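Each remark here refers to the structure printed beneath this line.
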Amino acid sequence: MSGSLQLTGLTRVHTAGAPPALDDLTLAVPAGSCVAVLGPSGSGKSTVLRLTAGLDAPTRGTVHLDGRDLAGVVPERRGMAMVFQRPLLFPHLSVRDNVGFADRVRGLPRREVRERAEHHLELVQLGGFGNRPARALSGGQAQRVALARALAAEPRVLLLDEPFSALDTGLRQEMHELLADLRLRLAPTVLLVTHDPAEADALADTVAVLDAGRLQQLGPMRELYARPRSLAVSRLLGGRTEVPGTVTGGRHRSALGDLELPAPAPEGPGVLVVRPEAVTLVAAADADARGTVVQVRRRGLRALVTVEVAGRGTEPAAVAAELPPGAEVPVGAEVGLRIPVTARCVVPPAGLSEARDGASAHDRQR
Amino acid sequence: MLVSRLGRGALAVWLVLPLVPLLLWAAADRWSAPALLPQAWGTTGLAEARAAGAGPAAVRSAVLGTAVAVLATPLGALAGRALTSGALRAPGLVFAVLLSPLVLPPFAVALGLDVLLLRLRVPAEVGLVLLLTVAAIPYTTVVMRAAYAAHDRHHDEEARLLGASAWQVVRSVHLPLLAPAVAGAAFLAFLVGWSDYVVTLLVGGGRLVTLPLLVGAAASATGNDAQVAVLALSAVLPPVALLVVIGSIGRRARR
């Protein structure tokens, strides 16, 4: 049932002359895996789904499903189903007829359509809801029905366009669990689009970060968190610490001092980025740098503190650190910062990232 | 609450009151001036109306109204869809052109086009349907444009992704969702054909007798008020019945 999807050099220019909404995206979605496309709004991530589904035609590039080029294949023959941000249930049909829609247009006998619809409603834990009119459902229920309707079409690729972002936090968690459970049972190939790193983390095996229509980085979420390749990726994943400096001989020099790097980095200007979870507050003697707490923000049991480190002849640096549960520190306190070597990552400064992206695109072509 | 009830009452009186004398006249054999109610009840009016050809005239009007509805409704739907699709460069201008038959005096347009139709040797019936269709398109366009503006195209896309062909999408998603609007547009177009007087008179040259023509002819003569009342009622009641049917379709769709 699940197919393997391959997008190659996919480009879409909406209006001639304007910058492309999607620029040269190459992405593989192996059978049975879940790949998330993560990006801010306007990054072109929904365009990826529309091109894949055949709702829009790519300006350049190809979509292959199980090795077959889908150019010119109409949406209804692509073997894909999509769940949008809004449930889009057909309001004139009952819940059962919504779920059975794909089977009905396929021409299955009425009785079989009915049985299969009930089965899929049970899969999303809505057994017995079949007779209700589609408009009589709550938001969360409606989105479950939309998911059941898409699964009942037995798509070779399931496309999810921010399917849970209109739901409140509790419901979203439930939907994440439901989808994880469905993945275990049915192993569908899933291409998911989201702006929420937590959602990508919860659902996807591999994450592609998209910004301004270009692929910024591709990899498992852990890797993106630990080794973002650009400031854009770091910021999108909630990175707060950005310390400008210079790299020489595998060490980063900045207001924080002279810090050893875990991996070789290109010589020259570079921005040190560190996850707040990795930074710990310690006694001055063991510290990599010392500074003053300038801001404390609550995050449930934990506190997120910003520590300002005065530089010698350089701009002061702000480092964000997440405290362990229950720990407190007042604003104005002098603290030591410990930044584990493995948590240090250097990315190109904002102006230079474009140039280097160009180079990496060039590398890929070769 | 009270105000809205009063308002509804006033509206009902406003709509029903003109029909009361019609109903009385239709069943009156004799009703002279000072009397509050007819002095003699009877079916003379009905018999006279039938003798004047009310039956065939009503059939002609119904055929004309249906033909206009059948043509103007899909055209209005296409126009409404195009106007809301964003594909047109100047939708405001196109909309104004489509609405222009409302602004131009029908008498002038019909007179001018009648000459053209005669020269082109278009049969009167065909010409009449064409002209009235043009006159009905503004109504169907306005209704369908509003419906398409509120219609979510993502429903159609979702249906296609679930495997429905373009035709299946139209049949099982598009039409059911737009049914109330289509019914409303068709009703308005039907009314244009059903109740037209001026264009029918000019293009038909008086040989094509529809119900409004019959009402007009009878009303311009004197001394046959009962017959006029019967004819007028037979022109009013079918659309009202149709409206009730369409209203119930709309209510079912909203449920």
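This structure is a prediction, so every number in the text was calculated from the model and none was measured.
- B/Leu162 pairs in a side chain to side chain contact (heavy atoms under 4.5 Å, CB included) with only one of the listed residues (A/Glu76, A/Arg149, A/Met82), which is A/Arg149.
- Close approach to chain B, defined as a heavy atom under 4.5 Å from one of its heavy atoms, is seen in A/Ala53, A/Leu55 of residues 53-66 of chain A, taken by number.
- Residues A/Val83 and B/Glu158 fail the side-chain proximity criterion, which asks for heavy atoms closer than 4.5 Å.
- With rounding to the nearest 0.5 Å, the separation of CZ in A/Arg77 from CG in B/Leu161 is 14.0 Å.
- Heavy atoms closer than 4.5 Å to chain B are found in both the backbone and the side chain of A/Ala102.
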Give the C-alpha distance, both sets of side-chain angles, the deciding distance and a yes or no for side-chain contact (heavy atoms from CB on, under 4.5 Å) between B/Asp152 and A/Arg86. CA-CA 11 Å; B/Asp152 191 340; A/Arg86 286 169 304 131; 2.7 Å; yes

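- More than 12 heavy atoms of other shown residues, nucleotides or ligands fall within 6.0 angstrom of atom OH in B/Tyr148.
- Panel note: side chain B/His155, backbone A/Leu89; a donor-acceptor pair is recorded below 3.5 Å.
- Note that CZ of A/Phe90 and OG of B/Ser172 are 7.5 Å apart. Values are rounded to the nearest 0.5 Å.
- Annotation: side chain to side chain donor-acceptor pair (under 3.5 Å) contacts involving residues 8-22 of chain A, sequence neighbours excluded, comprise A/Arg12-A/His14.
- Contacts of B/Ala166 with chain A are made by backbone atoms alone, with heavy-atom separations under 4.5 Å and no side-chain atom involved.
- Of all heavy-atom pairs spanning A/His92 and B/Pro176, the tightest one is CD2-CB, 3.3 Å.
- Using a 4.5 Å cut-off between non-hydrogen atoms, the part of residues 103-119 of chain A that approaches chain B consists of A/Arg104, A/Val105.
- Residues of residues 123-131 of chain A never come within less than 4.5 angstrom of chain B, heavy atom to heavy atom.
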